[in-house]
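Remarks on the structure that follows.
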Amino acid sequence: MKTKYIVFTGGVLSGLGKGVTAATVGFFFSDQYKVVPIKLDGYLNSDPGTMNPIEHGEVFVLDDGFEVDMDFGHYERFLDINAVKDQSITMGKIFREIQKRERTGDYLGKTVQLIPHVTDLIQEEIQNVSNKTKSQLTLIEVGGTVGDIENELFIEALRQLQKKVGEENMIFVHITYVPIPFGVSEQKTKPTQQSLSLLQKKGIWPNFIVARCPEFLTESSKRKISLFGNIPQTKIYTAPDIDCIYKLPEVFSAQQFIDSISKELKLKKGSTEKLKTWNKILTKKSDKTVNVLIAGKYTDLEDSYASIVESLKHCGFNLNAKINITFVDTEKDFDMEALKTTDAIIVPGGFGKRGIQGKINTIKYARENKIPYLGICYGLQLAVIEYARNKCGINDANSLEIDTQSKNHVVSLLDEQKNVVMKGGTMRLGSYKAYLTDGIIKSVYKKLGVGKENKNVLEIHERHRHRFEVNPKYTDILKENGLKITGTSETGLVEFIELNKKDHPYFTATQAHPELKSRLEQPAPLFYGLISSALKSKYL
Ligand code: GLN
């Protein structure tokens, strides 16, 4: 079968949910076809790995260790796939390749230009990914909004690609916004009309419009968009504001949007098997509430911790509990009061010294007051520092990352990192094996059916993103004072720690980022354990 392509462009403003829309369309076809999402990002960074999450949202890490846009989280969760690095195409990557080719002499005698050289390379990369992955349906999300200078070349390349592969094999879905301004109580279609005309001027006539709107589009709004946008009314759909993204498949299916896509591309009808499974999970009653506190420093933007939030939601749905998340900025005046009403505490991944003392105080509070705790990456390193200071009597215990002068670096640089100078893509990244020995952590992985057991040791795989590690010189003293190291890597790195069940109901931490692999149908074990334990403490 020839690869079919669906391109998703955005209009009016960013943040409308293009990624979730693309993932939802793919959701219906991934049972019957090999569906491969590609994200095009117009920035000149090679990848988002060096960007501040407050600007760009969470940095998602793939199994192969590539750092990518957070939309890949939606793709993996909706399509139940593990993406690979080539699926993320940034303008930074494209320009670097162009320069390399020019220096190699690939363009000898030619003037290297944005068109055709850059636009050709973009098409080549898209088709290479499709061929390599044997994609039958490639979803292409164009980052940003039509009209941004950054994505002009992508849009032009896609216009050309459609000519190459044929209109019957490649369609465009334009996602726009229909606001209802305060005090007007009327759906306003003008921004959508303008963004459509912008796209059409670039030679692209979208096959479908998906309008994000606080409510379903009225017939009159559809009529106006249809008239000005020159697109049949039957090809205009709504993405209404919803409280939970996992409900979007149901919303699209009910509007027959998925059927229209099948018809347009001559694909088999979208499968509804997965929809049934999701609906079963989503309609479970939640009669209990768990208050979870996340103590971090990127709390201004919820997207900074997107996968953690999703993992908690997955647990909530599967354990019949409503999850209330409170973000606490540990850099600002730290309000210990917030801790008193919380049922579970997470210290997530992070970098640098800002807000550290607040995080350590939070961990101490969780440990001493027996509040279920999950430390993720930095949350493990800081739990070790807290334990070393307050339980092992090493008062100046610290991480090399926080205080280079400390005499007791209980967290230090990984050996392989000692000579690293380049910052981009050089952390310990991607999926690594860990071996779990008896304890709370191993039992929760086993309970959820994750891992392979051999001679009482459970082998599991989680994704990573860090430079520092627990200093092996201190593991004995930590253990002597009651900290259990129940998971190590193949090379002996500390990967999982916990406290004895008799001392604390659920005190766990990992050097990995288990949130990156959590799915609605298969929540990440450590999160599941956290919420189960919180429910037990609160309701039993
Ligand atoms: N800053 C720590 C390190 O580099 C932790 C990283 C993280 O939490 N992702 O090791």
Side-chain angles (χ1 to χ4, degrees), residues 47-54 56-63 65-68 70 73 294-299 303-308 311 327 330-331 345-360 362-363 373-386 388 397-404 406 409-432 434 462-472 474 487-489 491 493-497 508-518 524 526-527:
D47 59 53
T50 53
M51 294 184 196
N52 185 335
I54 298 222
H56 197 72
E58 153 188 278
V59 176
F60 197 78
V61 183
L62 304 178
D63 269 348
F66 208 72
E67 296 166 291
V68 293
M70 59 177 274
I294 301 181
K297 78 174 181 194
Y298 309 119
T299 50
D303 275 354
S304 313
Y305 301 112
S307 291
I308 293 182
S311 304
F327 289 98
T330 53
E331 212 193 339
I345 293 176
I346 293 178
V347 171
F351 295 85
K353 2 179 157 187
R354 285 194 290 117
I356 285 304
Q357 197 49 47
K359 289 188 193 177
I360 293 179
T362 308
I363 297 170
Y373 172 74
L374 170 58
I376 298 173
C377 204
Y378 220 6
L380 173 139
Q381 298 172 358
L382 297 173
V384 166
I385 294 172
E386 190 279 320
N398 221 325
S399 165
L400 179 66
E401 181 177 4
I402 302 166
D403 178 7
T404 49
S406 162
H409 286 136
V410 293
V411 176
S412 57
L413 210 51
L414 285 162
D415 271 346
E416 68 206 39
Q417 290 287 332
K418 293 198 171 132
N419 299 318
V420 170
V421 243
M422 305 286 266
K423 290 278 183 260
T426 54
M427 281 187 257
R428 179 171 180 255
L429 289 165
S431 183
Y432 284 93
E462 293 288 5
R463 297 182 186 171
H464 293 72
R465 183 172 188 251
H466 64 117
R467 266 186 226 288
F468 297 85
E469 61 156 331
V470 175
N471 186 341
Y474 291 87
T488 44
S489 73
T491 55
L493 296 182
V494 174
E495 289 274 7
F496 292 86
I497 59 166
T508 61
T510 174
Q511 188 57 75
H513 284 277
E515 71 274 21
L516 301 176
K517 294 212 311 192
S518 187
L526 282 187
F527 287 84

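Order of appearance sets the numbers: ligands from 1, and atoms from 1 within every ligand. Treat the numbers as computed from the prediction; the structure is a model and nothing was measured. Numbers here are sequence positions counted from 1.
Any N or O atom pair closer than 3.5 Å counts here, and Gly350 shares at least one such pair with ligand 1. Close N/O approach between Glu401 and ligand 1 is found [any backbone or side-chain N/O within under 3.5 Å]. Between Met427 and ligand 1, no N or O atom pair is found at a separation short of 3.5 Å.
By the 4.0 Å heavy-atom criterion, Glu469 is excluded from the residues contacting ligand 1.
Inspection of the Glu462 and Thr510 side chains reveals no N or O donor paired with an N or O acceptor under 3.5 Å.
Here the rule is side-chain contact (heavy atoms from CB on, under 4.5 Å) with Glu515, and of Cys377, Pro348, Ser311 only Ser311 fits it.
Distance check, rounded to the nearest 0.5 Å: CG of Asn398 to CD1 of Ile360 gives 6.5 Å. In this structure, the separation between CD1 on Ile308 and CZ on Phe527 is 5.0 Å, given to the nearest 0.5 Å. Distance check, rounded to the nearest 0.5 Å: CD of Glu331 to NZ of Lys359 gives 9.5 Å.
Shortest contact from atom 10 (O) of ligand 1 to any protein heavy atom: Phe468 N, 2.8 Å. The protein heavy atom nearest to atom 4 (O) of ligand 1 is Arg467 N, 3.0 Å.
Between Phe351 and Tyr378, the ring-plane angle classifies as tilted under the 30° and 60° cut-offs.
Those atoms of ligand 1 that come under 4.0 Å of a heavy atom in Arg465, given as number and element, are 6 (C), 7 (C), 9 (N). Close approach of ligand 1 to Cys377 (heavy-atom distance below 4.0 Å) involves ligand atoms 5 (C), 6 (C), 7 (C), 8 (O), 9 (N). For ligand 1 and His513, the ligand atoms under 4.0 Å from any heavy atom of the residue are 9 (N).
Between Pro514 and Leu526, the shortest heavy-atom contact is CG-CD1, 4.3 Å.
Here Gln381 has side-chain heavy atoms under 4.0 Å from ligand 1, and that is the only part of it that gets that close.
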